[in-house]
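See below for the structure under consideration.
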Amino acid sequence: MKEINNEANFNSSLVGRLGGVEYINLYKQYNEDIKAHSASVLNAGRDASFELFEELGFPTSKLENYKYTDLTEPLSVDYGLNINRVKIPVNPYEVFKCDVPGIHSYLYFVLNDGFYPVHDERNDELPQGVIIGSLSEISKSHPELVEKYYGKLSAKQKDGLVAFNGAFAQDGFFMYVPENVQMDRPVQLVNIMRSDVDFMANSHNLVIVEKGAKAQLLVCDHTMDDVRFISNRVTEVFVDENASYEHYKLENTHTRTTNLSTLLIEQKESSSVLANVITLHNGITRNTIEIDVNGEHCETLLCGMVIGDKKQQVDNFTSVIHSKPNCHSTELFKYVLDDVAKGGFTGKLYVARDAQKTQAYQTNKNILLNRTAKMRTKPQLEIYADDVKCSHGATIGQLDESALFYIRQRGIPEKEARLLLMFAFTADVIENIRIDALQDRIKMLVEKRLRGELSKCEGCVICQ
Amino acid sequence: MLEIKNLHANINGKEILKGLSLSVRPGEIHAIMGPNGAGKSTLSSVLTGNPAFEVTQGKITFMGKDLLELAPEERANEGIFLSFQYPVEIPGVSMVNFMRTAINEQRKYRGLEPIAATDFLRLMREKKELVEMDNKLTNRSVNEGFSGGEKKRNEIFQMAMLEPRLAILDETDSGLDIDALRIVANGVNKLKSPDNASIVITHYQRLLDYIVPDFVHVLYDGRIVKSGTKELALELEEKGYDWIKKEVEKAP
Ligand SMILES: Nc1ncnc2c1ncn2[C@@H]1O[C@H](COP(=O)(O)OP(=O)(O)OP(=O)(O)O)[C@@H](O)[C@H]1O
Ligand SMILES: [Mg+2]
């Protein structure tokens with residue numbers, strides 16, 4: 001690990017060393033710089049996060065919650081960090097040609113670890129009162145707003161990666177949708193990793209959807225350069241009473257990426273949340289998703305899918321927490337794994353004693369295309385209320401041979417028949433994309449991906 | 001058009017077909033009857049190339065080609081269609097997409113361009129009318145949640161779409177109500193031509209009132225042990241299979 005503080009030593013290399021100790025020293029050494037290039041609201045809990053990280057260190061696969069993620073190898077790499085916020089010479093608005101036809105999103109970028117500040121006229125039409133921008137900038141211009149929410153969910157986590165993020169993240173994406181404002185178009189956040197040296201990025205996103213408001217956020221993760229990347233991102237989302245929020249995450253990174261991402265959502269009464277986390281291409285990915293259903297009459301739909309081949313690894317660690325009665329949650333994750341890909345899924349479902357009349361359903365289905373791919377799945381139900389309807393189911397299998405033969409009997413070649421079945425297998429996750437243009441595009445990307453083609457959009461130079 | 005000679009086939013190492021021979025010429029309808037477990041569905045699986053079955057001996061030629069050399073999809077595109085005894089549900093694959101893909105693969109096999117969208121829709125409409133199939137069914141995933149009878153009707157719909165040279169109907173009549181039976185039989189009869197042939201596997205003489213066979217065969221213990229005309233079906237209906245079993249056992 002090395003600290004990058006000017007263009008000149010951006011490419012300088014220090015000797016790589018293992019694990020947390022080096023980062024602890026780095027934090028102590030650059031404590032003032034880290035804070036100087038962030039905002040006081042974000043600095044308030046920084047030392048506490050650091051101390052927690054000192055205590056916890058990076059998670060290892062010995063921990064129950066990290067059984068399916070081994071970070072030993074990626075953490076042994078010597079990454080650069082951009083603590084002094086050196087400008088990265090690239091304009092994402094120019095290189096990123098997101099041609100999801102008809103999506104008309106409000107488009108923003110986090111380049112490595114910082115919100116990309118260039119003004120884009122496409123974003124001029126934001127509805128009245130909506131604030132979107134750099135977390136650290138908005139922490140300065142609207143400190144009371146950020147203060148009220150920042151870290152409120154993440155500080156409760158006893159997790160080394162979240163603590164590390166709290167210590168090192170200096171910026172990120174911020175979105176505020178005020179009471180009763182219904183966003184007319186989706187918001188798109190593109191995380192781009194761009195560096196000439198092996199690089200680490202920490203960023204923190206904050207999303208506030210007030211009472212009766214409505215918003216859709218599409219987060220895309222991309223990598224540009226053929227170096228080792230590690231990103232550690234935390235997103236906190238607050239969905240107030242009667243609000244509706246949709247969170248789509250689409251990962252399309254290269255195989256040398258380690259993508260660690262924590263999504264924490266809190267739901268208040270009668271709110272509705274859809275989170276759909278899709279990993280199309282990656283290196284090592286860990287998604288921690290926790291939805292705290294903290295109000296009555298909420299709807300929660302948490303879905304995801306993974307297409308993995310080669311040596312890809314994806315671990316989705318999910319928790320749905322029902323603290324209040326009369327809520328309804330559905331969880332659906334699907335994996336298609338080939339070669340020596342590894343998948344992990346944990347579905348924690350917690351129903352508190354008072355959360356009567358909870359209905360919670362969880363499904364994880366997996367297809368292994370050969371004998372070398374591996375899937376590990378674990379439902380983890382803790383139910384303390386007695387008047388509830390909860391179910392879970394997990395399957396790991398191959399493509400249905402009788403369906404395959406049926407399709408071939410109609411003249412469709414085996415390869416196409418397999419593709420049809422794999423595509424069909426993912427269909428119900430894709431159906432849970434409620435932005436039509438995005439749904440069409442993801443269908444196309446999934447199909448390309450299943451055909452073994454690179455699943456990037458035409459005209460975009462981001463994906464490697 | 002179809003010549004089966006001394007066919008032996010196994011599943012999981014167990015021999016099911018034990019020297020079966022049959023020959024079908026264009027324009028003919030052959031009915032195959034026989035007790036449960038005799039090997040009728042095994043024959044249809046082997047003819048269509050189901051990889052679960054292993055052919056250990058014998059020869060099948062279809063339109064002059066060695067059928068056993070062809071993959072299931074090639075056999076299908078050569079014009080062999082199986083109406084499955086147990087049609088498979090395929091959640092997530094829409095009927096429309098399934099049929100369009102099948103039609104286009106068939107066209108590709110024959111060196112034709114993909115079908116135009118309007119032609120495809122017209123074809124769908126036409127064939128749906130032919131088998132009186134509900135729109136609601138073609139808007140769903142393949143066979144998903146279809147009733148037994150609806151599945152059978154869907155088989156005939158697909159057959160009508162693909163216009164095979166040789167149709168094998170494996171107990172398409174079981175599970176059909178009386179009206180459906182008539183409709184399905186009508187569908188089959190309308191597709192009949194001097195160039196096409198059908199193999200109709202059934203347990204009931206009733207179907208053969210609608211689809212009149214040129215030949216009736218009895219398949220028993222992996223072989224065709226008796227062949228005759230449609231009167232044989234009437235005789236079987238009346239007397240059952242015991243007398244045939246006895247005949248077979250008496251023979252050396
Ligand atoms: N997968 C299998 N493993 C072992 N035996 C099998 C398998 N599939 C079929 N068989 C056996 O093969 C024999 C022939 O079955 P087949 O389905 O061809 O009979 P059928 O004549 O079509 O009977 P039915 O009139 O009941 O449809 C039966 O004894 C059956 O149990
Ligand atoms: Mg049968």
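Keep in mind the model is a prediction, meaning the values are calculated, not measured. Lettering follows sequence order; numbering is per chain, from 1.
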If one checks every heavy atom of B/Pro72 against chain A at 4.5 Å, the contacting part turns out to be both
If one checks every heavy atom of B/Pro87 against chain A at 4.5 Å, the contacting part turns out to be both
Among A/Asp428, A/Ile407, A/Asp400, the residue with the most heavy-atom pairs under 4.5 Å to chain B is A/Ile407
Applying a strict 4.5 Å limit to non-hydrogen atoms, the region of A/Glu416 in contact with chain B is side chain
Geometric cation-pi criterion B/Arg100 and B/Phe120, 6.0 Å radius, 45° cone: yes
task = Run the salt-bridge test on B/Glu113 and B/Arg107 with the 4.0 Å N-O cut-off and return the result as yes or no.
result = no
inquiry  = Using a strict threshold of under 4.0 Å (side-chain N to carboxylate O), is an ion pair present between B/Glu129 and B/Arg125?
reply    = no
When the 4.5 angstrom heavy-atom criterion is applied to B/Leu162 and chain A, the contacting part is side chain
Would you mind writing out the side-chain donor-acceptor pairs for residues 144-152 of chain B within the sub-3.5 Å range, not counting sequence neighbours?
{"residue": "B/Ser147", "atom": "OG", "partner": "B/Glu150", "partner atom": "N", "Å": "3.2"}
{"residue": "B/Ser147", "atom": "OG", "partner": "B/Glu150", "partner atom": "OE1", "Å": "3.4"}
{"residue": "B/Glu150", "atom": "OE1", "partner": "B/Ser147", "partner atom": "N", "Å": "2.8"}
{"residue": "B/Lys151", "atom": "NZ", "partner": "B/Glu89", "partner atom": "OE2", "Å": "3.0"}
{"residue": "B/Lys152", "atom": "NZ", "partner": "B/Gln85", "partner atom": "O", "Å": "3.4"}
{"residue": "B/Lys152", "atom": "NZ", "partner": "B/Glu171", "partner atom": "O", "Å": "2.7"}
{"residue": "B/Lys152", "atom": "NZ", "partner": "B/Ser174", "partner atom": "O", "Å": "3.3"}

Quick note, side-chain hydrogen bond (donor to acceptor under 3.5 Å, both in side chains) partners involving residues 307-319 of chain A, not counting sequence neighbours, are A/Thr69-A/Asp315, A/His281-A/Lys310, A/Asn282-A/Gln312, A/Arg286-A/Asp315, A/Asn287-A/Asn316, A/Asp309-A/Arg449, A/Gln312-A/Arg449, A/Asn316-A/Tyr335, A/Thr318-A/Glu331
Honestly, the part of B/Tyr86 sitting under 4.5 Å from a heavy atom of chain A is neither
Scored by heavy-atom pairs under 4.5 Å with chain A, the best of B/Leu82, B/Asn143, B/Asn104 is B/Leu82
Given A/Gly411, A/Ser402, A/Ala417, the one with more heavy-atom pairs under 4.5 angstrom with chain B than any other is A/Gly411
Q. With a cut-off of under 6.0 Å to the ring centre and 45° to the axis, is A/Arg410 in cation-pi contact with A/Tyr406?
A. yes
Among B/Thr101, B/Ile103, B/Asn97, the residue with the most heavy-atom pairs under 4.5 Å to chain A is B/Thr101
key: Stacked cation flag B/Lys128 on B/Phe157, 6.0 angstrom / 45 deg   = no
With chain B, the option among A/Leu420, A/Thr426, A/Ile412 that has the most non-hydrogen atom pairs under 4.5 Å is A/Ile412
